[in-house]
Amino acid sequence: MLIGLCGGICSGKNAVAEYLIRYQNFRFLELKNGAPPQAVNDPRLQASDSTDHANDGNTPLQFETVESLLDFATKRWQEHWVTTHIWEASTVDRCLLRPFFLLVSVDAPISLRWKRFADRCRKRQLAPPHLEEFVLWNDKQLYEKGVGRAFVTDRAQLRLFNSSSSLDELHAALKTLNLADEQRLRPNWDQYFMELASLAAQRSNCMKRRVGCVLVRERRVISTGYNGTPRHLKNCNEGGCPRCNRGEGGGVGLSTCLCLHAEENALLEAGRERIREGAILYCDTCPCLTCTVKIAQVGISEVVYSQGYNMDRDPRNGLIYLQGSEKD
């Protein structure tokens, strides 16, 4: 596992790296003489990017290039490595291709980051900047064309908000979070199929709510669906469904709605013969009563959803599932 930490000036990425090294047996990987591109030419900023490596004498491993660092980690991917030397888009592109890499961004309020930076300057007997000067530095470091790091932090797979000035609080939060959990590197099956359902929802043009659905059997996708008007009718967002375009409340006037639900589209696409027993329906919104009846009829064995709906507490939904399983 290789964790790459990125973030703004004094966001706490070095403190996170040191925690991983000290308490979770990570080793630090760094680029030899590798200074990050600076939008502001001030020696105090060079000091802000250094890491103290509080790692119980565990000397960091140095590499001449990003390629050699990544090759080393690839051959030892089952061990634990961490680096804060993630500055360029090309580096992120190469790292994210590897299934053992996790990009983590660390952020904190700018006033707190200024205080941390000022404390660090004083320890090095340097004059700390005024807050306004620090804010201008921060903006350049994150957004300056060609060297800004915002394009790196925006691609992070995990975001940490380090708002505490206490290392003990940070360590307690990191212990709970457990960045070393390798399940972060790959979604489980429920997460995977729910992501596909959410992706399908992006195709929806319903004016009321975007909903996506995926039908799965034996961990293979049978069909997908999203809500919207039937074929050859105007799209809902073009006025095809008067009920949705009137903006009525959830669950109101459903009998006049022309939109097919995501679950209906997925069921129609698959057909009962392809669904068969043991199929699972993933939907990013709880099915309504009408869809529940159809789901039970085709023999779906399990429904997984991520968002509630005004009918998800209707006892009739649960009763239909129960009766369907008993009858089958």
Participant: Would you check if Phe28 and His85 make a side-chain contact, meaning some heavy-atom pair closer than 4.5 Å?
Facilitator: yes
Participant: Is it the case that Glu169 and Ser164 place a side-chain donor and acceptor less than 3.5 Å from each other?
Facilitator: yes
Participant: Which residues pass the salt bridge (charged side-chain N to carboxylate O under 4.0 Å, His left out) test with Arg159, not counting sequence neighbours?
Facilitator: none
Participant: Which atom names give the shortest non-hydrogen contact between Val211 and Cys283, and what distance separates them?
Facilitator: CG1-SG, 3.6 Å
Participant: Are Val135 and Phe117 linked, directly or through other ILVMFWY residues, by side chains that come within less than 4.5 angstrom of each other?
Facilitator: yes
Participant: So which atom in Arg155 and which in Phe151 form the shortest heavy-atom distance, rounded to 0.1 Å?
Facilitator: CG-O, 3.3 Å
Participant: Ring centroid separation for Phe72 and Trp81, is it under 6.0 angstrom?
Facilitator: yes
Participant: Determine the minimum heavy-atom distance between Leu103 and Cys6, stating which atoms define it.
Facilitator: CD1-SG, 4.0 Å
Participant: Can you tell which of Leu96, Val104, Leu185 makes a side-chain contact (heavy atoms from CB on, under 4.5 Å) with Gln157?
Facilitator: Leu96
Participant: Just wondering, do Cys121 and Pro129 contact through their side chains at under 4.5 Å, heavy atoms?
Facilitator: yes
Participant: Whether the side chain of Thr153 engages the backbone of Gly7 through a donor-acceptor N/O pair (distance < 3.5 Å, no angle test) should be reported.
Facilitator: no
Participant: Quickly, which of Leu20, Leu160, Asn162 forms a side-chain contact (heavy atoms from CB on, under 4.5 Å) with Leu174? Name it, please.
Facilitator: Leu160
Participant: Under a 4.5 Å side-chain heavy-atom rule over Ile, Leu, Val, Met, Phe, Trp and Tyr, are Trp77 and Leu29 clustered together?
Facilitator: yes
Participant: Do Leu260 and Ile300 land in one hydrophobic cluster if side-chain heavy atoms of ILVMFWY residues count as linked below 4.5 Å?
Facilitator: no
Participant: In Å, rounded to the nearest 0.5 Å, how long is the span from OG of Ser11 to CZ of Arg113?
Facilitator: 6.5 Å
Participant: Atom CG of Leu5 and atom CG of Leu179: how far apart are they, to the nearest 0.5 Å?
Facilitator: 7.5 Å
Participant: So, taking the atom named CE in Met207 and the one named SG in Cys259, what distance separates them when rounded to the nearest 0.5 Å?
Facilitator: 10.0 Å
Participant: Say whether Arg210 and Asn227, considering side chains only, have a donor N or O and an acceptor N or O under 3.5 Å apart.
Facilitator: no
Participant: Does Leu170 offer a backbone N or O that forms a donor-acceptor pair with the side chain of Lys175 under 3.5 Å?
Facilitator: no
Participant: What I want to find out is whether Asp119 reaches Arg124 closely enough, with some N-O distance under 4.0 Å, to be called a salt bridge.
Facilitator: no
Participant: Drop me the distance from Glu30's CD to Gln62's CD, to the nearest 0.5 angstrom.
Facilitator: 4.5 Å
Participant: Is a donor on one side and an acceptor on the other found under 3.5 Å between the side chain of Asn265 and the backbone of Tyr226?
Facilitator: yes
Participant: Would you mind listing the cluster partners of Leu199? Hydrophobic ones only (ILVMFWY), side-chain contacts under 4.5 Å, chaining allowed.
Facilitator: none
Participant: Should Leu102 and Tyr23 be regarded as members of a common hydrophobic cluster, given that ILVMFWY residues are connected when their side-chain heavy atoms come within less than 4.5 Å of each other, either directly or indirectly?
Facilitator: yes
Participant: For a 4.5 angstrom cut-off between non-hydrogen side-chain atoms, does Leu258 reach Pro242?
Facilitator: yes
Participant: Using a 4.5 Å cut-off between side-chain heavy atoms of Ile, Leu, Val, Met, Phe, Trp and Tyr, which other residues end up in the same hydrophobic cluster as Ile280?
Facilitator: Trp189, Tyr192, Phe193, Met194, Leu196, Val214, Val216, Val221, Tyr282, Val304
Participant: Could you tell me whether the side chain of Glu264 reaches within less than 4.5 Å of the side chain of Lys294, counting heavy atoms only?
Facilitator: yes
Participant: From Arg184 CZ over to Met1 CE, what is the distance, rounded to the nearest 0.5 angstrom?
Facilitator: 7.5 Å
Participant: Side chains of Ser223 and Arg274: any donor to acceptor distance under 3.5 Å?
Facilitator: no
Participant: I would like to know whether Arg27 and Val82 meet side chain to side chain contact (heavy atoms under 4.5 Å, CB included); could you show each step before the answer?
Facilitator: CA-CA 6 Å; Arg27 291 285 306 275; Val82 61; over 6 Å; no
Participant: Less than 4.5 Å apart, any side-chain heavy atom of Cys10 and any of Arg120?
Facilitator: yes
Participant: Just verifying a value: how many Å separate Leu136 CG and His130 NE2, rounded to the nearest 0.5 Å?
Facilitator: 12.5 Å
Participant: Is there a path from Phe100 to Leu69 through hydrophobic residues (I, L, V, M, F, W, Y) whose side chains come within less than 4.5 Å of each other?
Facilitator: yes
Participant: Hey, is the main chain of Glu238 close enough, under 3.5 Å, to the side chain of Asn235 for a donor-acceptor pair?
Facilitator: no
Participant: Any heavy-atom pair between the side chains of Thr256 and Arg246 that's under 4.5 Å?
Facilitator: yes
Participant: Has the side chain of Asn245 got a donor or acceptor atom that lies under 3.5 Å from a matching backbone atom of Cys241?
Facilitator: yes
Participant: Taking Thr176 for the side chain and Ala172 for the main chain, is one N or O donor matched with an acceptor at less than 3.5 Å?
Facilitator: yes
Participant: Which atom names give the shortest non-hydrogen contact between Arg217 and Glu277, and what distance separates them?
Facilitator: CD-O, 3.9 Å
